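Contents: one structure, followed by commentary.
Model, not experiment: these values are computed from the prediction. The figures that follow rest on heavy atoms only: side chains count, while hydrogens, waters and symmetry mates do not. Note on naming: letters A, B, ... go to the chains in the order of the sequence lines (proteins, then strands), and numbering restarts at 1 for each one.
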There are 2 protein chains.
Amino acid sequence: MARRRESAEVRKKQIIEAAMHCFQNKGYAKATIDDIAGEYGLSKGSIYWYYPSKKDILKDLFRYWMDETLKGVYSEISDLKSARDKIVRMGEFFIRSLIDDLELYSSMLVFWGSSYEDDFMRERIMDLYAQYDEIVKSLLSQGEENREFIVPNKEVYCTLLIAMIEGLVIRHAVSKALDLDSVLGEVRNIVGRVLPPLEKG
Amino acid sequence: MARRRESAEVRKKQIIEAAMHCFQNKGYAKATIDDIAGEYGLSKGSIYWYYPSKKDILKDLFRYWMDETLKGVYSEISDLKSARDKIVRMGEFFIRSLIDDLELYSSMLVFWGSSYEDDFMRERIMDLYAQYDEIVKSLLSQGEENREFIVPNKEVYCTLLIAMIEGLVIRHAVSKALDLDSVLGEVRNIVGRVLPPLEKG
DNA sequence: TTTAACATACTGACTGGTCAGTATGTTAAA
DNA sequence: TTTAACATACTGACCAGTCAGTATGTTAAA
């Protein structure tokens, strides 16, 4: 067979992408190691050279997904001053990501679904939520300090803002039929309503 | 073995409940027919007396879940006049349901996850979304007709309100750690912000 | 009223296919 | 010539679905 030897880095990336693609199409349980290997013309043996088990591929995929997501969020909002702008940009970022890289973002369902059978996965997801919470809560505090808006209950507003984004991701992952451009155009408006600007007195 | 013969109606209900419980704990793929049968001390054969396949149990569970949910929503809001009140009540209903019947509502993830492998399931979910859309969109229209509020973009607001609820359900299904009572207390407030009352002129 | 004939509601052993993981063979590169 | 990076062939556990048989109602005719 044609051996196209690659560096471990390249192969791992390929395997992760192949896994993502397979999990999208069949779900975690139904996607086989042979499916994943086949995506780049590899064999089962080569998969097990890089990963000790199927579950470890999933874990690495989640790590990759979480890294990409959080890195993306931070780099989007880092150059902005106003808390409102940051929140708006964050919302827009997720929607644009969903448009541009549907497959990556709709991996969510695979991870969330596997939280049933796997405590490790569940803990990682809780970890992600904690990080989301930290980001959003600090933005809400910052907005209050800057006197941009007032939030009656930071915990709840934080939870609901995150829920809104997640709900959107999940719905689009299943339906692939949302008009995301319209949603994108309304983000600032919505944030303006949820966090109305303070009257200057 | 002690045969405890039951009517088809009772057995089917038992099987659905057993399946829900097993799917919660292990996910669809990992839960076995023997697991489901064991919940009520039945045997594999008796499951197949009522259902032709494992997937058909899932389908029936979804039907049950969707019926309960929509029935609940309609009965909650039917006695209210104001569109705002209806929207508030709807939000509160989902949160209370999540508190009172976590298992039923966190079944969502099982269904959503199975949309990957099964087109039938995916269509059913799209169907559910369509019904949600119909309810919320008509409430938004009604609110505008009553001059309770104005919505810049009905489609988008509808999508986001539904997303918020779904995101909440899913997060709580995974984490089981949200302070839902706090969220419940903020529903009216949040709706008030998203759909601010019109100034009477 | 009884019982034979039938219908319904199961049981549980068995099968056949699937697939994660393993053992071992092969080759390109250093 | 060694070994990292594969490929191939295999194993064994697991499980959905089958089916022959059993137990438990139901009913109609004698």
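Residue pairs that meet the ring-ring contact (aromatic ring centres under 6.0 Å, His included) test with at least one member in residues 8-31 of chain B, sequence neighbours left out, are Phe23(B)-Tyr28(B). Listed by first then second residue, pairs satisfying salt bridge (Lys or Arg N to Asp or Glu O under 4.0 Å) with a partner in residues 65-75 of chain A read Glu68(A)-Lys71(A), not counting sequence neighbours.
A salt bridge does not link Lys86(A) to Glu76(A): none of the charged nitrogens lies less than 4.0 Å from a carboxylate oxygen. Ion pair Arg122(A)/Asp119(A) not flagged as a salt bridge, since none of the NZ, NE, NH1 or NH2 atoms sits closer than 4.0 Å to an Asp/Glu carboxylate oxygen. No salt bridge links Lys13(B) with Glu9(B); every basic N to acidic carboxylate O contact stays at or beyond 4.0 Å.
Taking the side-chain hydrogen bond (donor to acceptor under 3.5 Å, both in side chains) definition, one finds that Glu117(B) meets it with Lys55(B), sequence neighbours left out. Applying the side-chain hydrogen bond (donor to acceptor under 3.5 Å, both in side chains) rule to Thr32(A) yields the partners Asp35(A); only residues at least two apart in sequence or on another chain are considered.
By the 4.5 Å heavy-atom criterion applied to side chains, Ile135(A) and Met90(A) are counted as neighbours.
Per the geometry, CD1 belonging to Ile47(A) stands 14 Å off P belonging to dT8(D), to the nearest Å. A straight line from NZ of Lys12(A) to C1' of dC6(D) spans 16 Å, rounded to a whole angstrom. In this structure, the CD atom of Gln14(A) is 13 Å from the C1' atom of dC6(D), given to the nearest Å. Distance OH (Tyr40(A)) to P (dC6(D)): 14 Å, rounded to an integer number of Å. Taking atom CD of residue Glu117(A) and atom P of nucleotide dC14(D), one finds them 15 Å apart after rounding to whole Å. Atoms CG (Asp56(B)) and P (dA16(D)) sit 14 Å apart, rounded to a whole Å. Whole-Å rounding puts the Ile36(B) CD1 to dC15(D) C1' distance at 12 Å.
Base pairing in DNA chain D yields stems of at least 3 consecutive Watson-Crick or G-U pairs, both distances under 3.5 Å, namely C:1-30 with D:1-30.
OP1 and OP2 of dC10(C) both lie 4.0 Å or more from every side-chain N or O belonging to Ser46(B). Proximity of Trp49(B) to the phosphate of dA9(C): a side-chain N or O atom is located under 4.0 Å from OP1 or OP2. One finds a side-chain N or O of Arg11(A) lying less than 4.0 angstrom from the OP1 or OP2 phosphate oxygen of dC6(D).
Both tests hold for Lys12(A) against Tyr51(A): distance to the six-membered ring centre under 6.0 Å, angle to the ring axis within 45°.
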Letter per nucleotide, 5' to 3', of nucleotides 17-22 of chain C [B base touched, S only sugar-phosphate touched, - untouched; heavy atoms, 4.0 Å]: --SBBB

